[in-house]
Novice: 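This is the structure I want to talk about, given as structure tokens.
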Amino acid sequence: MNKTYEPKTFEEKIYRNWEEKKYFSAKPNKNKKPFTIVIPPPNITGQLHIGHALDDTIQDAIIRYKRMRGYEALWLPGTDHAALATEVKIVEAMAQEGLRKETLGREGFLERAYAWKDKYGGRIIEQFKKMGFSCDWDRLAFTMDERCSRAVREVFVNLYDKGLVYRGNRMINWCPCCKTALSDVEVEYAAAHSHLWHIKYRIDGEDGYVTVATTRPETLLGDAAVAVNPNDKRYKHIVGKQLLLPLTNRKIPVIADSYVESDFGTGAVKITPAHDPNDFEVGKRHNLPVICVMREDGTMAENAGAYAGLDRFAARERMIADLQAQGLLAKTEEHENNVGHCQRCHTVIEPMVSDQWFVKMQPLAEPAIRVAKDKTVEFIPERFKKIYLHWMENIRDWCISRQLWWGHRIPAFYCDKCGKMTVSKTDVTACPHCGGSVHQDEDVLDTWFSSALWPFATLGYPDKTEDLAYFYPTDVLVTAYDIIFFWVARMIFSGLEHMREIPFHKVLIHGLVRDAQGRKMSKSLGNGVDPLEIIESHGTDPLRMSLVSGVAAGGDIRFSTEKLEGYRNFMNKLWNAARFVVLNLENADVLPLEKVKLTLADKWMLTRLDDAIKQSVKYMDKFEVGLCAAALYDFVWSDFCDWYIELSKTRLYSTDRAERSHTVSVLVYVLRNILKLLHPVIPFVTEEIYGNLPLNDAESIMIDAYPLKAPRYPAAKKQTENLKDVITRIRALRADMKVPANKRTALYLVPTEGNEKLAKDGAGYIEKLAYGNSIRYGKPSGKCATVTTPWMEVYIPMEELVDPSAELDRLSKELVTVQAELARAEGKLGNPGFTAKAPPKLIEEEKAKVEKYTALKEKLTAAIEEWKQL
RNA sequence: GGGCAAUUAACUCAGCGGGAGAGUGCUACCUUCACAUGGUAGAAGUCACAGGUUCGAACCCUGUAUUGCCCACCA
């Protein structure tokens with residue numbers, strides 16, 4: 001083995017081997033229980049980023065754990081066509097070549113899109129492999145492949161037939177830059193500094209006017225009325241009268257509607273049904289015309305007269321100036337409001353009335369609410385359930401049509417002759433009503449419409465496949481909290497509607513990866529980290545562990561170079577511990593554990609191993625990968641490396657081959673189990689080391705069994721803990737006395753009653769780990785430094801030490817500590833409330849402490865007296 | 001405007017009714033035959049604040065403050 005951990009020398013080789021051996025593949029198997037995860041399919045737009053690295057490391061750890069626990073573990077991979085996101089990218093790339101969508105036409109564009117998919121869809125898969133992910137690649141799916149497309153059609157038509165998909169002319173969110181409709185969740189709101197412009201609307205045939213406050217003067221030409229609250233006394237007299245719309249003098253009525261709040265602005269609101277969702281509703285109630293004054297690219301339309309052709313924001317400024325010039329601008333107030341932006345291009349969204357396709361949500365939401373409430377689907381952590389429920393309970397119909405080319409084309413066909421529409425699972429060539437020629441709807445579906453079907457479409461739906469029967473519902477869905485609405489919620493109601501079953505039992509939610517200062521990683525800040533660069537510089541396992549370790553479910557994680565280096569160091573530590581074991585395989589015979597003659601230290605180690613196993617299983621069963629990793633980090637570094645390896649050296653350096661063999665056997669056993677426990681999180685280094693060990697049960701660690709227990713020796717564990725305490729105290733004394741770390745001294749042991757055997761059995765350990773050059777028994781004459789413990793006293797002759805004058809000081813300090821402890825325990829026992837109500841076990845513990853500290857106090861006092869007299 | 005979370009050592013975070021923990025950083029000593037990507041020992045916290053429940057509170061309850069996130073049609 002190399003002297004240091006060098007991941008580059010083995011990661012690729014190992015992954016190739018796993019793939020060749022088909023370890024990742026899963027098939028229905030009656031003799032095993034299934035465990036299924038479907039991957040959140042990455043968009044084909046980009047490459048592996050730190051968010052994927054986190055999300056999929058958690059999944060890989062879970063799936064590897066379950067595989068080792070004997071489940072038929074399927075991790076189903078795939079990619080998402082990401083309709084809008086991808087189209088935006090392709091259009092951008094084309095612009096570089098001076099090309100536009102329209103020049104290529106739909107066919108030409110789609111050709112390019114598929115080429116893009118082949119190029120980038122493949123790239124991200126290769127990058128996932130570098131991460132070590134154990135997906136069943138033979139099942140690689142794509143949201144627009146044949147299987148998913150069939151599922152989409154099936155679902156769309158079924159919903160349509162039930163009246164749950166419909167086409168309607170309604171207010172939607174329009175992105176003037178992407179030139180498509182968006183769903184509500186694709187709009188991101190941001191606070192903006194704006195103004196509240198107070199504009200005077202003259203009353204027709206009278207002298208007066210009504211002042212209207214608005215944040216959107218550019219829509220003024222689309223006004224259909226001015227509304228006031230029916231109870232507003234200020235305006236009662238003008239309700240029903242006509243106003244002259246500024247800049248055009250078109251006549252509009254004053255109407256009364258309770259939607260208006262009297263105490264905001266002027267209490268009079270301009271109603272623009274074509275450009276505001278609320279106004280649209282008001283307009284419907286009052287039968288107002290919908291006057292659209294904007295084109296789909298956000299410029300003003302022909303009916304905007306002098307402003308036609310101007311961009312909406314330019315028009316706003318021009319109109320404000322014109323109103324001011326005409327004396328119709330009463331006031332301009334500073335105003336803060338929320339403005340919606342396109343999730344993809346961040347352009348300000350324009351509410352528009354348009355013909356679009358919708359999913360009727362109410363009937364679908366009901367069962368989806370129920371399964372969350374009764375925990376058929378369980379959110380981890382539970383608080384995310386509230387967020388989900390709140391959304392589901394206030395759900396609005398989902399706009400699913402997009403004015404794009406890249407995506408699932410809506411399977412609706414319109415007759416050119418009779419005009420009737422046919423919605424069909426298969427392509428329609430002639431109108432079923434009149435036989436006339438037909439043309440298909442130009443629009444495609446929201447990308448999330450197909451993602452919503454992911455857990456069952458990928459397993460064969462609508463066919464009743466063996467896969468579906470075996471692997472569905474899936475077990476756990478792992479994702480960040482930012483796509484609960486986009487995806488998680490939609491999978492739940494889709495699964496319930498189309499499969500009549502939930503898509504997964506549990507939803508494990510994690511946070512986002514942030515930089516060292518806690519900021520979201522973003523291109524504009526330039527604080528993003530590229531997982532590929534990290535793999536290159538530090539290796540995959542350190543990346544995986546630093547993303548996951550120590551993070552409890554639901555929390556954001558901070559990523560920093562320091563953290564990364566910390567875990568790289570851990571790999572090195574593990575590597576060298578293994579190297580130590582492997583180097584000692586020479587001149588020893590490795591035996592199965594049953595044949596080993598165990599020492600005190602061996603028994604302690606095995607018991608600690610059992611503790612670690614139990615804890616790991618507990619955490620992994622709860623999907624707490626991060627806490628599991630952190631606990632193992634501690635266990636490996638402190639218990640195994642710092643203590644056990646050092647303790648084992650006492651016997652390992654014996655000249656007796658049998659002794660060495662026994663020790664090496666325990667080392668190998670413990671190390672192998674450690675590797676297995678760690679493998680789900682850090683698969684590469686554990687596999688590489690595993691390959692160097694004798695007596696393995698499997699040809700690869702990833703198909704070996706996860707440990708469930710190790711032998712326990714509670715008495716030996718306790719005794720070793722006592723020895724560790726003695727050793728630590730001797731070391732502390734040496735440090736206090738300024739003994740150089742490399743100076744060894746004689747150590748005299750005087751065991752307390754009943755601890756004679758411990759002193760004898762532990763002598764070797766104490767000598768080795770407490771820097772002794774010899775162990776003797778009994779108290780030596782002359783001045784000594786003393787370590788007092790409940791199990792033994794240890795004397796070091798003063799002449800062996802550098803700074804004898806410090807000893808009295810040290811003893812006195814220790815006495816103070818012991819007295820404080822004693823007072824504490826006695827205080828507790830002196831409290832009648834405590835002795836009356838505390839559990840008996842606790843009282844016993846406190847009593848034992850009193851006894852222990854009293855004895856120590858006496859010994860220390862005696863030692864101090866003696867010291868003074870010498 | 002509503003909701004959720006966080007507030008613990010200089011920093012990043014565990015702990016969530018019975019004596020304040022880890023990693024990093026810091027200090028001192030040590031190149032000891034797995035590892036200096038290391039070892040040993042240390043210093044370092046009125047567990048945000050104020051009340052309450054309890055024999056006992058970082059932990060439970062009630063408020064307050066600060067920060068962050070989500071949701072919401074006040075033009």
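These numbers come from the heavy atoms of this one structure, side chains and all, not from hydrogens, waters or symmetry mates. Throughout, protein chains are lettered first and strands after them, A, B, ... in sequence-line order, and every chain is numbered starting at 1.
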Novice: At under 4.0 Å, does any side-chain N or O of R558(A) touch on OP1 or OP2 of U12(B)?
Specialist: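 So the side chain of R558(A) is within the cut-off, an N or O lying under 4.0 Å from OP1 or OP2 of U12(B).
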Novice: Taking any strand in view, what nucleotide pairs with G21(B) in a Watson-Crick or G-U wobble way, both distances under 3.5 Å?
Specialist: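 Its partner is C13(B) (Watson-Crick or G-U wobble, both distances under 3.5 Å).
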Novice: If each of K3(A) and V185(A) is mapped to the nucleotide of RNA chain B with the nearest heavy atom, which maps nearer the 5' terminus, i.e. the 5' end?
Specialist: K3(A)
Novice: Are K649(A) and F580(A) in a cation-pi setup, meaning NZ or CZ lies under 6.0 angstrom from the ring centre and within 45 degrees of the ring axis?
Specialist: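 Judged by the rule (NZ or CZ under 6.0 Å from the ring centre, within 45° of its axis), K649(A) counts as positioned above F580(A).
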Novice: Students often mix this up, so state it plainly: with edges at 30° and 60°, are the rings of F384(A) and Y481(A) parallel, tilted or perpendicular?
Specialist: parallel
Novice: Rounded to the nearest Å, what distance is computed from the CZ atom of residue F485(A) to the C1' atom of nucleotide C71(B)?
Specialist: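 Going from CZ in F485(A) over to C1' in C71(B) covers 7 Å.
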Novice: What does A836(A) touch in the nucleic acid at a heavy-atom separation under 4.0 angstrom: a base, only the sugar-phosphate, or nothing?
Specialist: nothing
Novice: Could E800(A) and R744(A) be called an ion pair, given the rule that one side-chain N must be under 4.0 Å from one carboxylate O?
Specialist: no
Novice: Whole angstrom is fine here: how far is it from CD1 in I484(A) over to P in G3(B)?
Specialist: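 Roughly 19 Å, once rounded to whole Å.
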Novice: Using only side-chain N and O atoms of W637(A), determine if any of them is under 4.0 Å from OP1 or OP2 of G39(B).
Specialist: yes
Novice: Looking for any heavy atom pair under 4.0 Å, which part of the strands does P832(A) touch: base, sugar-phosphate only, or nothing?
Specialist: nothing
Novice: Calculate the interatomic distance between Y259(A) atom OH and A72(B) atom C1'; express it in whole Å.
Specialist: 13 Å
Novice: Just to be sure I understand the rule, does K649(A) reach a base, reach only the sugar-phosphate, or reach nothing, if contact means heavy atoms closer than 4.0 Å?
Specialist: base
Novice: Provide, to the nearest angstrom, the distance between the OH atom belonging to Y653(A) and the P atom belonging to U32(B).
Specialist: 13 Å
Novice: Given that both distances must come in under 3.5 Å, which nucleotide forms a Watson-Crick or G-U wobble pair with U7(B)?
Specialist: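 Paired with A65(B).
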Novice: Using both distances under 3.5 Å as the test, list the Watson-Crick or G-U wobble partner of C47(B), or none.
Specialist: none
Novice: Work out how far the P atom of G3(B) is from that of U62(B), and round it to whole angstrom.
Specialist: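 Comparing P positions in G3(B) and U62(B) gives a spacing of 13 Å.
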Novice: In terms of side-chain geometry, is the basic nitrogen of K813(A) or D736(A) positioned less than 4.0 Å from the acidic oxygen of its partner?
Specialist: no
Novice: Tell which nucleotide pairs with A75(B), taking only Watson-Crick or G-U wobble pairs whose two distances are both under 3.5 angstrom.
Specialist: none
Novice: Just checking, any donor-acceptor pair under 3.5 angstrom between side chains of T745(A) and K743(A)?
Specialist: no
Novice: Taking the nucleotide of RNA chain B with the nearest heavy atom to each, does I557(A) or H335(A) sit closer to the 5' end?
Specialist: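 In this pair, the answer is I557(A).
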Novice: Heavy atoms only, 4.0 Å cut-off, all strands: where does T728(A) land among base, sugar-phosphate and nothing?
Specialist: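 Sugar-phosphate, backbone atoms only, no base.
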Novice: With a non-hydrogen cut-off below 4.0 angstrom, is A213(A) in contact with a base, only sugar-phosphate, or nothing?
Specialist: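 Base contact - A213(A) has a heavy atom under 4.0 Å of at least one base atom.
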Novice: Taking G39(B) as the reference, what is the distance to A22(B) when you measure between their P atoms (whole Å, please)?
Specialist: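 A22(B) and G39(B) have their P atoms separated by 15 Å.
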Novice: If you check the A741(A) side chain, which of G18(B), A34(B), C30(B) turns out closest?
Specialist: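 Among the listed nucleotides, the one closest to the side chain of A741(A) is C30(B).
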Novice: In the strands shown, is C33(B) matched to any nucleotide by a Watson-Crick or G-U wobble pair with both distances under 3.5 Å, and which?
Specialist: none
Novice: May I ask you to verify whether the side chain of K573(A) and the base of C35(B) hold a donor-acceptor pair under 3.5 Å?
Specialist: yes
Novice: Kindly point out which of A75(B), C4(B), C35(B) is positioned nearest to the side chain of N337(A)?
Specialist: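 Closest of the options to the side chain of N337(A): A75(B).
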Novice: Phosphate oxygens OP1/OP2 of A41(B): is one of them under 4.0 Å from a side-chain N or O of R734(A)?
Specialist: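 For A41(B), OP1/OP2 do not have a side-chain N/O of R734(A) under 4.0 Å.
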Novice: Could you give the OH-to-P distance, from Y567(A) to G23(B), as a whole number of Å?
Specialist: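 Y567(A) atom OH is separated from G23(B) atom P by 10 Å.
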Novice: Name the nucleic acid region contacted by V260(A), choosing base, sugar-phosphate or nothing; use a 4.0 angstrom heavy-atom cut-off, strictly under.
Specialist: base
Novice: If you measure from the C1' atom in G42(B) to the same atom in U37(B), how many Å do you get, rounded?
Specialist: 23 Å
Novice: When the C1' atoms of G25(B) and C13(B) are compared, how many Å lie between them, rounded to an integer?
Specialist: 15 Å
Novice: Of the nucleotides C71(B), U24(B), C35(B), which one has an atom closest to the side chain of H390(A)?
Specialist: C71(B)
Novice: Rounding to an integer number of Å, can you tell me how far W643(A) CH2 sits from G39(B) P?
Specialist: 13 Å
Novice: Distance between the P atoms of U7(B) and C33(B), in whole angstroms?
Specialist: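 Looking at atom P only, U7(B) and C33(B) are 44 Å apart.
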Novice: Check every strand shown and say whether P740(A) touches a base, only sugar-phosphate, or nothing at a heavy-atom separation below 4.0 Å.
Specialist: sugar-phosphate
Novice: Can we say R608(A) and E721(A) salt-bridge, meaning some charged N sits less than 4.0 Å from an Asp/Glu carboxylate O?
Specialist: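 Answer for the salt bridge query: no.
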Novice: Using whole Å, what does the distance between atom C1' of nucleotide G39(B) and atom CG of N576(A) come to?
Specialist: 13 Å
Novice: Go through the steps for Y633(A) and S549(A) under the test side-chain hydrogen bond (donor to acceptor under 3.5 Å, both in side chains), then give the verdict.
Specialist: CA-CA 9 Å; Y633(A) 177 102; S549(A) 189; over 6 Å; no
Novice: Classify E281(A) by what it touches in the nucleic acid, base, sugar-phosphate, or nothing, heavy-atom distance under 4.0 Å.
Specialist: nothing
Novice: Under 4.0 Å, heavy atoms only, any strand: does R824(A) hit a base, just the sugar-phosphate, or nothing?
Specialist: base
Novice: Indicate, with a heavy-atom threshold strictly under 4.0 Å, whether W197(A) touches base, sugar-phosphate, or nothing.
Specialist: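 Here W197(A) touches no strand at all.
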Novice: Show the nearest heavy-atom pair for residues D223(A) and T219(A), with the distance to one decimal.
Specialist: OD1-O, 3.4 Å
Novice: Tell me the interatomic distance from M392(A), atom CE, to C70(B), atom P, rounded to whole angstroms.
Specialist: 20 Å
Novice: Tell me which nucleotide among A22(B), A5(B), C35(B) gets nearest to the side chain of D634(A).
Specialist: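 Selected nucleotide: A22(B).
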Novice: Between the base of U37(B) and the side chain of R568(A), is there a donor-acceptor distance below 3.5 Å?
Specialist: yes
Novice: Taking 4.0 Å as the cut-off, does a side-chain nitrogen or oxygen of K270(A) come that near to OP1 or OP2 on A75(B)?
Specialist: no
Novice: Pick base, sugar-phosphate or nothing for F379(A), based on heavy-atom distances below 4.0 Å to the nucleic acid.
Specialist: nothing
Novice: Can you tell me if the side-chain N/O atoms of R731(A) get under 4.0 Å from OP1 or OP2 in A41(B)?
Specialist: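 Yes, R731(A) has a side-chain N/O under 4.0 Å of OP1/OP2 on A41(B).
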Novice: For N338(A), answer base if it contacts any base atom (sugar-phosphate contacts may also be present), sugar-phosphate if it contacts only those atoms, and nothing otherwise; contact means non-hydrogen atoms under 4.0 Å.
Specialist: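 N338(A): base contact, heavy atoms under 4.0 Å.
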Novice: Can you tell me if N569(A) touches the phosphate of G38(B), counting only side-chain N or O atoms and a distance under 4.0 Å to OP1 or OP2?
Specialist: yes
Novice: Strictly below 4.0 Å, N to O, side chains only: are K828(A) and E845(A) in salt-bridge contact?
Specialist: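 Salt bridge absent between K828(A) and E845(A).
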Novice: Partner of U53(B) by Watson-Crick or G-U wobble geometry, both contacts under 3.5 Å, or none?
Specialist: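 The base-pairing partner of U53(B), which may sit in any strand shown, does not exist here.
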Novice: Using a cut-off of 4.0 Å on non-hydrogen atoms, how would the nucleic acid contact of Y189(A) be classed: base, sugar-phosphate, or nothing?
Specialist: nothing
Novice: Provide the Watson-Crick or G-U wobble partner of U40(B), both distances under 3.5 Å; none if there is no partner.
Specialist: A28(B)
Novice: Could one point to a donor on the side chain of E624(A) or the base of A14(B) with an acceptor on the other under 3.5 Å away?
Specialist: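 A donor-acceptor contact between them is absent.
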Novice: In whole Å, what separates the C1' atom of C16(B) from that of C59(B)?
Specialist: 4 Å
Novice: Rounded to whole angstrom, note down the P distance from G2(B) over to A9(B).
Specialist: 32 Å
Novice: Please state whether the phosphate of U31(B), meaning OP1 or OP2, lies under 4.0 angstrom from any side-chain nitrogen or oxygen of N742(A).
Specialist: yes
Novice: Does this structure show an ion pair linking R216(A) with D276(A), if we count only N-O contacts that are shorter than 4.0 Å?
Specialist: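 Salt bridge: no.
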Novice: When the P atoms of A57(B) and G51(B) are considered, how many whole Å apart are they?
Specialist: 14 Å
Novice: Among the nucleotides C35(B), A75(B), U24(B), which one has an atom lying closest to any side-chain atom of N572(A)?
Specialist: C35(B)
